[in-house]
Amino acid sequence: MTDQPTPHSPAPELFTWEFASDPYPAYAWLREHAPVHRTRLPSGVEAWLVTRYADARQALADQRLSKNPAHHDEPAHAKGKTGIPGERKAELMTHLLNIDPPDHTRLRRLVSKAFTPRRVAEFAPRVQELADDLIDRFAGTGSADLIHEFAFPLPIYAICDMLGVPREDQDDFRDWAGMMIRHGGGPRGGVARSVKKMRGYLADLIHRKREALPPEPGPGEDLISGLIRASDHGEHLTENEAAAMAFILLFAGFETTVNLIGNGTYALLTHPGQRARLQTSLAAGERGLLETGVEELLRYDGPVELATWRFATRPLTIGGQDIAPGDPVLVVLAAADRDPERFADPNTLDLSRRDNQHLGYGHGIHYCLGAPLARLEGQTALATLLTRLPDLRLAVDPDELRWRGGLIMRGLRALPVSFTPVP
């Protein structure tokens, strides 16, 4: 992923399968020649792509760019093509990725209580338990698909626990989430059906928890109960808002972490020197390189390729380019985080990189609420894999790996590995 386009190379073709495998040369061309670039997306919607770091950071915090799809200036037939498939019909639109202040401020304040550093730290033993249990299932076989058997189930079960989904129902969530990932970039019908099933389940779960809610919160109360308690005590959280909030926390809280673990493991397996440094550090009981390393993996090949949709509410200029009201704007985090104007040697993976204010979790008021939990899961997953399976290696040539098609997320379909079996 270090190829640089020549100065006279033609404009790259975007959103092909070849592009999905390695988009970074195309993003380098855009940063240099068309840093704010209007393009037609595979869905048919036209949008502006913002690729330079300084412009991206500005756009992510610009309040003239609304998250509300109602500001999209597309004709009626294009409505609904800019968000999560099925969320409109399932009445799940009122979540943090689709709203602006003051509603965004109110809802974010409610849910932010669940992601305090203390609450996440208290959850660490459960994440470690999940990581060990999942590795136990395949450690004796000498091979695994790390996406299907490890990176995918770990954050699903973790966020289900945090939300308060009963253990006996969590495999249903795993199935629905799997459908949402498998259809990413493909037919939207399968995703919409899964969203509808999830919406029905969440509505029923919220009703059951409301009926059984004790007068006062107990220690470690689950997140859905906390949302219900807020809605019943003057915070004016509607049932649709509670269901939408639970839905987006699940949706945003698993796929990003699946890709962080998958992309991060792949980067380490293809950079043996960096991987060896990390293993030596972990063996010595140190955490510093693990912490900076996860930040570098987020920058180098992060789980979110493009930030979620924004729509201009009035005329503005980004990177010298005029944007009209109603135009969609997509900030390309993957391009911004490889900008040589901001990062020294941006195409080099350096786990000890210190000056690393990457945009992998966004910037501004929509900065990822679950970032502390995702960091915990990423650090725990990678440390446990490298410690318990020290000779972990790719089981196929890197050229054989396939990346999922889609617009927002970047992740592998599968990651076959082999290792010495551990009894």
Margin query: Restricting to non-hydrogen atoms, name the atom on Leu278 and the atom on Leu268 that form the minimum distance, rounded to 0.1 Å.
Written below: CD2-CD1, 4.1 Å
Next item on the list: Output every pair passing side-chain hydrogen bond (donor to acceptor under 3.5 Å, both in side chains) with a member in residues 135-147, not counting sequence neighbours, ordered by first then second residue.
Entry: Asp136-Arg388
Next item on the list: Could you tell me whether a side-chain N or O of Asp327 sits under 3.5 Å from a main-chain N or O of Ala312, the two making a donor and an acceptor?
Entry: no
Tell me which donor-acceptor pairs under 3.5 Å the side chains of residues 315-325 have, and how far apart each pair is, sequence neighbours excluded?
| from | atom 1 | to | atom 2 | distance (Å) |
| --- | --- | --- | --- | --- |
| Thr317 | OG1 | Asp322 | OD1 | 2.9 |

Next item on the list: Determine, step by step, whether Val417 and Thr265 satisfy the side chain to side chain contact (heavy atoms under 4.5 Å, CB included) criterion, reporting the C-alpha distance in whole Å, the side-chain angles of both residues, the deciding distance to 0.1 Å, and the verdict.
Entry: CA-CA 10 Å; Val417 295; Thr265 303; 5.5 Å; no
Item checked: Candidate list Arg353, Arg375, Gln357, test side-chain hydrogen bond (donor to acceptor under 3.5 Å, both in side chains), partner Glu295, passing option -> Arg375
Note to self: If you define the side chain from C-beta out and look only at heavy atoms, does anything of Val422 sit under 4.5 Å from Ile135?
What the structure shows: no
Note to self: To the closest 0.5 Å, what do you measure between CG (Leu297) and CD1 (Ile261)?
What the structure shows: 11.5 Å
Checklist line | Heavy-atom side-chain contact between Leu401 and Pro416 under 4.5 Å | finding: yes
Next item on the list: Return yes if some donor-acceptor pair links the side-chain N/O of Thr270 with the main-chain N/O of Ala267 below 3.5 Å, else return no.
Entry: yes
Note to self: Taking Lys67's backbone N and O only, do any of them form a donor-acceptor pair with Arg310's side chain (distance below 3.5 Å, no angle check)?
What the structure shows: no
Next item on the list: Kindly indicate whether the side chain of Phe15, heavy atoms from C-beta on, has any atom under 4.5 Å from the side chain of Thr39.
Entry: yes
Next item on the list: Determine, stepwise, if the pair Asp169 / Tyr201 fulfils side chain to side chain donor-acceptor pair (under 3.5 Å).
Entry: CA-CA 10 Å; Asp169 295 342; Tyr201 176 86; 2.5 Å; yes
Item checked: For the student: nearest non-hydrogen atoms of Tyr27 and Glu305, plus distance -> OH-OE2, 2.6 Å
Check: Closest approach of Ala47 and Leu330, non-hydrogen atoms and distance?
Finding: CB-CD1, 4.1 Å
Margin query: I need the minimum non-hydrogen distance between Val294 and Gly378, along with the two atoms involved.
Written below: CG2-C, 4.3 Å
Checklist line | Side-chain touch Arg410/Trp403, heavy atoms, less than 4.5 angstrom | finding: yes
Check: If you measure from CH2 on Trp48 to CG on Leu65, what distance do you get to the nearest 0.5 Å?
Finding: 12.5 Å
Item checked: Asn347 versus Tyr24, side-chain donor and acceptor atoms under 3.5 Å -> no
Check: Under 4.5 Å between any side-chain heavy atoms of Val258 and Pro155, yes or no?
Finding: yes
Check: Sub-3.5 Å donor-acceptor pair from the side chain of Gln379 to the main-chain atoms of Glu291, do we have one?
Finding: no
Check: Do the side chains of Leu60 and His366 get nearer than 4.5 Å, heavy atoms only?
Finding: no
Notebook entry, point to check: Between Arg174 and Gln170, does any side-chain donor sit less than 3.5 Å from a side-chain acceptor?
Noted result: no
Notebook entry, point to check: Do you know which of Glu32, Arg31, Arg338 makes side-chain contact (heavy atoms from CB on, under 4.5 Å) with Thr51?
Noted result: Arg31
Check: Are Tyr157 and Asp171 close enough that a side-chain donor and a side-chain acceptor fall under 3.5 Å?
Finding: yes
Next item on the list: Output, in order, the C-alpha distance, side-chain angles, deciding distance and verdict of side chain to side chain contact (heavy atoms under 4.5 Å, CB included) for Ile224 and Leu202.
Entry: CA-CA 9 Å; Ile224 289 179; Leu202 288 171; 4.3 Å; yes
Notebook entry, point to check: So, Arg342 and Asp337, do they make that salt bridge, N to O below 4.0 Å?
Noted result: no
Check: Between the side chains of Asp132 and Gln128, does any donor sit under 3.5 Å from an acceptor?
Finding: yes
Note to self: Between Asp350 and Arg299, does any side-chain N to carboxylate O distance fall below 4.0 Å?
What the structure shows: no
Checklist line | Between NE2 on residue His363 and CZ on residue Arg57, distance to nearest 0.5 Å | finding: 4.0 Å
Notebook entry, point to check: Where the side chain of Asn263 meets the backbone of Asp301, is there a donor-acceptor pair that is under 3.5 Å apart?
Noted result: yes
Item checked: Separation of Leu306 CG from Leu407 CG (nearest 0.5 Å) -> 5.0 Å
Margin query: Using the rule given for salt bridge (Lys or Arg N to Asp or Glu O under 4.0 Å), can you reason through Arg126 versus Glu129, listing the C-alpha separation, both sets of side-chain angles and the distance that settles it, and then say yes or no?
Written below: CA-CA 5 Å; Arg126 175 58 180 155; Glu129 179 186 7; 3.2 Å; yes
Notebook entry, point to check: Between Asp222 and Leu163, does a side chain to side chain contact (heavy atoms under 4.5 Å, CB included) hold up when you go through it step by step?
Noted result: CA-CA 5 Å; Asp222 67 72; Leu163 285 169; over 6 Å; no
Item checked: Side-chain heavy atoms of Phe138 within contact of Leu389, under 4.5 Å -> yes
Check: Taking atom CZ of Arg314 as the centre, does the number of heavy atoms from other residues, nucleotides or ligands within less than 6.0 Å exceed 12?
Finding: no
Item checked: Rounded distance [0.5 Å steps], CZ in Phe254 versus CD1 in Ile156 -> 4.5 Å
Check: Would a distance-only check, ignoring hydrogens and angles, find a side-chain to backbone donor-acceptor pair under 3.5 Å from Ser418 to Gly142?
Finding: no
Notebook entry, point to check: Below 4.5 Å, heavy atoms only, C-beta onward: do Pro398 and Tyr266 meet side chain to side chain?
Noted result: yes
Item checked: Closest heavy-atom pair and its distance - Leu392, Leu269 -> O-CD2, 3.5 Å
Notebook entry, point to check: Would Thr256 and Met409 satisfy side chain to side chain contact (heavy atoms under 4.5 Å, CB included), going step by step from the backbone distance to the final call?
Noted result: CA-CA 7 Å; Thr256 51; Met409 300 292 183; 3.6 Å; yes
Next item on the list: Kindly compute the distance separating OH (Tyr300) from CG (Leu351), expressed to the nearest 0.5 Å.
Entry: 11.0 Å
Next item on the list: Grab the two heavy atoms, one from Asp399 and one from Asp397, that are nearest each other, plus how far apart they are.
Entry: N-OD1, 2.8 Å
Next item on the list: Could you tell me whether the side chain of Gln279 and the main chain of Leu386 form a donor-acceptor pair under 3.5 Å?
Entry: yes
Next item on the list: Please answer whether the main-chain N or O of Arg277 pairs with a side-chain N or O of Ser281 as donor and acceptor at a distance below 3.5 Å.
Entry: no
